[in-house]
K.L.:
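Questions regarding the structure given below will be posed in turn.
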Amino acid sequence: MNLIEELRWRGMLHDFMPGTEEQLAAEMTTGYIGFDPTASSLHIGNLATIMLLVQLQRAGHKPVALVGGATGMIGDPSGKSAERNLLSEETLQTNQAGIRAQLEKFLDFNCGANSAEIVNNYDWFKEFSFLNFLRDVGKHITVNYMMSKDSVKKRINADEEGERAEGLSYTEFAYQLIQGYDFYHLYKNKNVRLQMGASDQWGNITTGTELIRRMDGGKAFALVGKLVTKSDGTKFGKSEGGNVWLNAELTSPYKFYQFWLNLSDEEAEKLIKVYTLLPQDEIARITEEHNQAPHLRVLQKALAKDVTIRVHSEEDYNAAVEASEILFGKGDLATLKGLSEQILLSVFEGVPQVEITKEQYAEANTVSDLLSETTQGLIFDSKGEAKRMIKNGGVRVNLEKVQSAEDAVNFELLQEKYLVVQKGKKNYYLVSVK
RNA sequence: GGGGAGAUUCCAGAGCGGCCAAAUGGAACGGACUGUAACUCCGUUAGUGUAAACUUUCGCAGGUUCGAAUCCUGCUCUCCCCA
């Protein structure tokens with residue numbers, strides 16, 4: 001199965017330029033995808049794009065991951081309805097390092113001819129003067145051409161309902177040209193023939209192929225993947241706490257595992273093809289098994305396992321499963337009391353924790369005080385919020401429901417120093433009293 | 001440079017002198033149901049307070065008024081159109 005066929009059955013393929021398939025068939029082709037350092041970690045939305053590179057490499061081609069040190073300074077208007085804030089250079093550098101480290105986990109950098117590479121477009125843009133850029137690059141592309149891109153049009157024209165457009169700064173307008181030049185640079189220096197990306201990158205990528213054609217008479221190709229969306233069409237990759245990050249410090253392996261486990265059947269079936277490398281017959285078998293007994297969530301479990309292991313590690317996966325069983329099994333106070341301190345801590349690793357002193361604990365008059373003021377707003381921002389939630393029956397301490405916000409604080413401390421606090425069913429906190 | 005529109009609680013968006021902590025919708029969170037789901041239903045969404053009530057909030061700074069998100073003045077910012 002060639003790359004295009006592979007991506008197609010996995011439902012990852014959105015569109016590609018004519019000739020791409022022939023190019024891939026003809027020779028080992030170098031393809032790249034850019035990642036802008038807008039955060040210190042990639043999230044699972046980016047991971048779908050990384051999977052394109054992974055599939056490229058599996059098909060015997062050479063993947064290049066570009067860290068957008070330069071483009072990140074500009075801001076891509078694609079898919080954004082409003083002008084973005086610029087990040088400081090310092091932030092960008094921290095972010096670049098983080099992203100680089102993550103990319104290295106997914107691609108093989110040592111497998112001979114098609115070993116992966118990482119490049120940073122800041123390297124070739126830092127010395128490129130503005131005037132030279134205008135003369136050497138800008139001259140080849142007309143404003144008319146740039147204006148015809150959807151990402152630009154959306155920001156300039158009012159939409160169908162007559163809503164005013166947000167406008168677009170010259171800086172963001174120039175973004176596609178910068179990205180286009182990246183492609184040209186890699187084409188010239190790294191023999192890159194293909195740029196991939198999410199489908200919203202189509203416009204930017206074709207500016208690149210156009211630039212290569214005009215500056216060099218060369219032929220380069222584009223392939224974009226489907227933008228992963230939730231079944232209701234909204235943006236994928238956000239959970240209650242915001243984005244689902246690949247960095248364990250931003251999204252703990254436990255939460256990460258839980259995210260996948262909680263997907264709807266429909267999403268799990270779609271995403272297992274995107275996020276895992278499991279072969280077609282294996283996925284068919286799992287889907288079959290799932291449909292026989294949907295409540296067992298075989299699909300979600302298989303997906304969660306595969307992705308958690310690859311993004312984090314086998315140990316992290318095991319810990320996440322163990323923690324899930326304890327927290328979502330029919331545990332009660334007795335179960336918690338039965339855990340050794342070591343297991344207790346490992347179960348709650350990655351769960352927000354607060355430390356308070358024995359004096360503070362003794363001074364808290366009511367449960368609502370304890371869960372807001374005493375614990376420094378970690379669990380609840382205000383007493384009012386704590387009270388409301390308790391009134392709604394949404395708070396448990398040591399797995400037992402708190403009856404009233406005015407209850408006195410006299411819980412049994414686990415191992416003489418821990419309290420397990422639940423806000424709703426899925427949010428756990430560990431309070432340690434020292 | 002000229003003309004116009006606008007800035008409201010997480011977002012969108014009503015309010016146009018007291019009944020406004022501010023309609024409605026979205027989103028989020030909590031509860032019931034369930035498969036740690038979907039659907040549906042219910043509740044919550046400025047702070048303190050058991051409550052009555054009080055404090056801070058409607059771009060910023062002043063003013064008018066017994067009383068202002070609502071009126072006036074100045075400022076800042078945003079967008080659109082024309083040159």
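No experiment lies behind these values; they were computed from the predicted model shown. Residue numbering restarts at 1 for every chain, and letters A, B, ... go by the order of the sequence lines.
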K.L.:
To the nearest Å, give me how far apart CG (A:Asn365) and P (B:G49) are.
P.N.:
11 Å
K.L.:
Hey, does the side chain of A:Asn262 come within less than 4.0 Å of B:A38's phosphate (OP1/OP2), counting only N and O?
P.N.:
no
K.L.:
In whole angstrom, give me the gap between the P atoms of B:A5 and B:A14.
P.N.:
16 Å
K.L.:
Rounded to whole angstroms, how far apart are NZ on A:Lys426 and C1' on B:G35?
P.N.:
11 Å
K.L.:
Rounded off to whole Å, could you give me the CZ-to-P distance for the A:Arg396 and B:U36 pair?
P.N.:
14 Å
K.L.:
Name the closest nucleotide to the A:Lys425 side chain, picking from B:U48, B:A32, B:G35.
P.N.:
B:A32
K.L.:
Taking a pair as Watson-Crick or G-U wobble with both distances under 3.5 Å, which nucleotide is matched to B:G49?
P.N.:
none
K.L.:
Does A:Glu385 contact B:U44 through a side-chain donor or acceptor facing the base, at a distance under 3.5 Å?
P.N.:
no
K.L.:
With a 3.5 Å limit on both atom pairs, tell me what B:A12 is paired to, counting Watson-Crick and G-U wobble, or say none.
P.N.:
B:U24
K.L.:
Please determine, for the side chain of A:Asp265, which listed nucleotide (B:U48, B:C33, B:G35) has the closest atom?
P.N.:
B:G35
K.L.:
Work out how far the P atom of B:C81 is from that of B:G63, and round it to whole angstrom.
P.N.:
39 Å
K.L.:
Has A:Tyr428 got a side-chain atom pairing as donor or acceptor with A:Leu327's backbone, closer than 3.5 angstrom?
P.N.:
yes
K.L.:
Using purine N1 to pyrimidine N3 plus N6-O4 or O6-N4 for Watson-Crick, or N1-O2 and O6-N3 for G-U wobble, each under 3.5 Å, what pairs with B:G43?
P.N.:
B:C29
K.L.:
Give the rounded distance in Å between these two atoms: CZ of A:Arg388 and P of B:U48.
P.N.:
8 Å
K.L.:
Grab the CG-P distance between A:Asp381 and B:G47 for me, whole Å please.
P.N.:
8 Å
K.L.:
Just how far is it from atom NE2 of A:His185 to atom CZ of A:Phe128, taken to the nearest 0.5 Å?
P.N.:
10.0 Å
K.L.:
According to the Watson-Crick and G-U wobble definitions, with both distances under 3.5 Å, which nucleotide is paired to B:U34?
P.N.:
none
K.L.:
For B:G30, take OP1 and OP2 only and decide whether either is under 4.0 Å from a side-chain N or O of A:Lys391.
P.N.:
no
K.L.:
Atom CD of A:Glu104 and atom CD1 of A:Ile118: how far apart are they, to the nearest 0.5 Å?
P.N.:
4.5 Å
K.L.:
How long is the line joining OH of A:Tyr429 and P of B:G30, in whole Å?
P.N.:
9 Å
K.L.:
Using a cut-off of strictly less than 4.0 Å, decide whether A:Ser264 has a side-chain nitrogen or oxygen near OP1 or OP2 of B:A37.
P.N.:
no
K.L.:
With respect to the side chain of A:Lys387, which nucleotide from B:U50, B:A37, B:G35 is positioned closest?
P.N.:
B:U50
K.L.:
Is there a side-chain contact between A:Phe106 and A:Val311 (heavy atoms, below 4.5 Å)?
P.N.:
yes
K.L.:
Just to be sure I understand the rule, does A:Lys423 reach a base, reach only the sugar-phosphate, or reach nothing, if contact means heavy atoms closer than 4.0 Å?
P.N.:
sugar-phosphate
K.L.:
Do A:Tyr275 and A:Trp260 make the cut of ring centroids closer than 6.0 angstrom?
P.N.:
yes
K.L.:
For the pair made of CG in A:Leu261 and C1' in B:A38, what is the distance, rounded to whole Å?
P.N.:
15 Å
K.L.:
In the strands shown, is B:C71 matched to any nucleotide by a Watson-Crick or G-U wobble pair with both distances under 3.5 Å, and which?
P.N.:
B:G63
K.L.:
Could A:Arg214 and A:Tyr145 be counted as a cation-pi pair, given that NZ or CZ must be under 6.0 Å from the ring centre and within 45° of the axis?
P.N.:
yes
K.L.:
Donor-acceptor pairs under 3.5 Å, side chain of residues 316-323 of chain A to any protein atom, not counting sequence neighbours: which ones?
P.N.:
residue  : atom : partner  : partner atom : Å
A:Asp316 : OD2  : A:Ser313 : OG           : 3.1
A:Asn318 : ND2  : A:Glu314 : O            : 3.4

K.L.:
Can you tell me the base-pairing partner of B:A5? Count Watson-Crick or G-U wobble geometry only, both distances below 3.5 Å, and say none if there is no partner.
P.N.:
B:U78
K.L.:
Are A:Tyr181 and A:Phe125, when compared by the centres of their aromatic rings, separated by less than 6.0 Å?
P.N.:
yes
K.L.:
What does B:U56 pair with, Watson-Crick or G-U, if both distances are under 3.5 Å?
P.N.:
none
K.L.:
Let's see if you get this right: which residues in residues 296-305 of chain A place a heavy atom under 4.0 Å from RNA chain B?
P.N.:
A:Arg297, A:Gln300
K.L.:
State yes or no: are the ring centers of A:Phe348 and A:Tyr429 separated by less than 6.0 Å?
P.N.:
no
K.L.:
Would you kindly give the CG-to-C1' distance between A:Leu263 and B:A38, to the nearest whole Å?
P.N.:
13 Å
